[in-house]
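One structure is given below, encoded as structure tokens.
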Amino acid sequence: MKPSKIAYKPVGLALGAVSGIAAGALFKQTWKLLGHDQDAPDATDDERGWGEVLIAAVLQGAIFAGVKASVDRAGAATTRRLTGTWPA
């Protein structure tokens, strides 16, 4: 395993935690902007319909994936600028 890959592991873990927090906050704001007064429904919320539950899940997944990919890519690009090698 390359030394740059080993050195990037803790950075990648920290970036992953930060991106999860940021994605959660972004999803909550997006859900409110879409006109929902309540928090997003859980899959087992018996007071919400299938449509609302599935829309919330798809939206949340898309936001999390987009934020994670953006943060991971930015971290790898920064690592390349600092060390001259791609961390993968």
Side-chain angles (χ1 to χ4, degrees):
M1 189 178 287
K2 293 182 195 177
S4 62
K5 187 172 183 177
I6 294 170
Y8 182 73
K9 284 290 185 188
V11 173
L13 290 173
L15 289 174
V18 170
S19 68
I21 293 167
L26 180 60
F27 171 69
K28 285 182 182 183
Q29 290 302 316
T30 303
W31 189 251
K32 288 180 184 177
L33 284 174
L34 292 175
H36 298 277
D37 294 334
Q38 301 174 354
D39 288 337
D42 292 324
T44 57
D45 191 341
D46 65 344
E47 296 178 6
R48 309 283 185 88
W50 275 88
E52 188 177 12
V53 168
L54 293 178
I55 288 169
V58 168
L59 180 62
Q60 185 177 31
I63 288 173
F64 270 77
V67 169
K68 182 178 181 341
S70 298
V71 170
D72 286 348
R73 185 68 181 194
T78 300
T79 299
R80 176 183 265 170
R81 277 196 305 274
L82 295 174
T83 66
T85 61
W86 196 258

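We're numbering straight along the sequence, starting at 1.
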Exercise for review: With sequence neighbours excluded, give me every ring pair (Phe, Tyr, Trp, His ring centres under 6.0 Å) pair touching residues 33-60.
Suggested key: Trp31-His36
Review point. Taking all non-hydrogen atoms of both residues, which atom of Ala76 and which atom of Trp86 are closest, and how far apart?
Key: CB-CZ2, 3.4 Å
Practice item. Without swapping roles, check the side chain of Asp45 against the backbone of Glu47 for a donor-acceptor pair under 3.5 Å. Key: yes
Exercise for review: Write out all pairs satisfying salt bridge (charged side-chain N to carboxylate O under 4.0 Å, His left out) with one or both partners inside residues 72-88, taking only residues at least two apart or from two chains.
Suggested key: Lys68-Asp72
Contacts under 3.5 angstrom, residues 11-21 side chains, donor-acceptor by atom type, not counting sequence neighbours:
| from | atom 1 | to | atom 2 | distance (Å) |
| --- | --- | --- | --- | --- |
| Ser19 | OG | Leu15 | O | 3.2 |
| Ser19 | OG | Gly16 | O | 2.9 |

Point to revise | Counterpart residues, salt bridge (Lys or Arg N to Asp or Glu O under 4.0 Å), relative to Asp39 (two or more places apart) | key: none
Check your understanding: Does any non-hydrogen side-chain atom of Leu59 lie less than 4.5 Å from one of Phe27?
Key -> yes
Check your understanding: Got a sec, which pairs hit salt bridge (charged side-chain N to carboxylate O under 4.0 Å, His left out) with one end in residues 19-29, sequence neighbours left out?
Key -> none
Exercise for review: Consider only side-chain heavy atoms of I, L, V, M, F, W and Y, link residues closer than 4.5 Å, and tell whether Ile63 and Val53 are in one cluster.
Suggested key: no
Point to revise | Contact list for residues 51-63, test salt bridge (charged side-chain N to carboxylate O under 4.0 Å, His left out), sequence neighbours left out | key: Arg48-Glu52
Review point. In terms of hydrophobic clustering (I, L, V, M, F, W, Y; side-chain heavy atoms under 4.5 Å; direct or indirect links), are Ile55 and Phe64 co-clustered?
Key: no
Review point. Where do Ala56 and Pro41 come nearest, in terms of heavy atoms and distance?
Key: CB-CD, 3.8 Å
Practice item. Could you list the residues that satisfy side-chain hydrogen bond (donor to acceptor under 3.5 Å, both in side chains) with Gln29, not counting sequence neighbours? Key: none
